[in-house]
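Working notes for the structure below.
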Amino acid sequence: MKKKSSAKNGSGTEGKRVRIVHCIRSLPKGRVSTYGAIARAAGWAGAARQVVRVLRQVDGLPWHRVVGAGGAIKCPGESAAEQRFRLRMEGVTFRGMRVNMKLHEHKFPRR
DNA sequence: ACTGTGACACTGG
DNA sequence: ACCAGTGCCACAG
């Protein structure tokens, strides 16, 4: 059974996309991570943008726990305010406009 | 079905 | 703070 319908599909972008989702869901409360870090954890070095795509597409993810490099929030307009607000509510501390990665950056297992 | 173009909640120098 | 490079995706012709 199993069907390998598509010739070269399967473990293409879709499989990795699922992995990214899994990683983001794995973010515990009060912890944050960066796009690039998640991409790497999912086995996609340099796919920070794809992480973004997933965050926007898939809902039910702690999107507010995902920030840019250095803990900078890259969200547009109100989303940024909400993200900041939510993170703060989870006990995350900020340093100016950036998350204090020193204290809250989550460490993924391996890679 | 294939190719071209544009856009993006990025990263690093 | 600004610029350039990069990877994958979505849409149109």
Could you go over nucleotides 1-4 of chain C and give all protein N or O partners under 3.5 Å, atom names and distances?
none

- [ ] Could you give me the CA-CA distance, side-chain angles and deciding distance for A:K74 and A:V52, then say whether side chain to side chain contact (heavy atoms under 4.5 Å, CB included) is met?
- [x] CA-CA 10 Å; A:K74 305 285 197 184; A:V52 169; over 6 Å; no
Task: Shortest non-hydrogen separation from A:G36 to A:A48 and the atoms involved - done: N-CB, 3.9 Å
TODO: Carefully, step by step, assess A:T93 and A:H104 under the rule side chain to side chain contact (heavy atoms under 4.5 Å, CB included).
DONE: CA-CA 8 Å; A:T93 60; A:H104 304 297; 3.1 Å; yes
- [ ] In sequence, state the C-alpha distance, the side-chain angles, and the governing distance for A:I24 and A:R65, and then conclude on side chain to side chain contact (heavy atoms under 4.5 Å, CB included).
- [x] CA-CA 8 Å; A:I24 297 170; A:R65 290 186 197 141; over 6 Å; no
Open item on the list: Can you tell whether the side chains of A:E90 and A:R86 come within less than 4.0 Å, N to carboxylate O?
Closed with: no
Open item on the list: If a pair means Watson-Crick or G-U wobble with both distances below 3.5 Å, what does DNA chain C look like in dot-bracket form, with | marking bases paired to a different strand?
Closed with: .||||.|.|||||
- [ ] Spell out protein contact along nucleotides 6-13 of chain B as letters: B when the base is contacted, S when just the sugar-phosphate is, - when no protein heavy atom is under 4.0 Å; keep the 5' to 3' order.
- [x] --BBBS--
Open item on the list: Measuring from atom CZ of A:R17 to atom CD of A:Q50, what distance do you get when rounded to the nearest 0.5 angstrom?
Closed with: 10.5 Å
Task: Note, A:M101 side chain near A:V32 side chain (heavy atom, < 4.5 Å) - done: yes
TODO: Starting from P on C:dG7, measure out to CH2 on A:W44 and report it in whole angstrom.
DONE: 13 Å
Open item on the list: Using side chain to side chain contact (heavy atoms under 4.5 Å, CB included), reason through A:L87 and A:F94 one step at a time and then give a plain yes or no.
Closed with: CA-CA 9 Å; A:L87 287 173; A:F94 285 80; 3.7 Å; yes
- [ ] Check whether any side-chain heavy atom of A:V67 lies under 4.5 Å from a side-chain heavy atom of A:Q83, and answer yes or no.
- [x] yes
- [ ] Measure the shortest side-chain to side-chain distance between A:W63 and A:V58 over non-hydrogen atoms and say whether it is less than 4.5 angstrom.
- [x] no
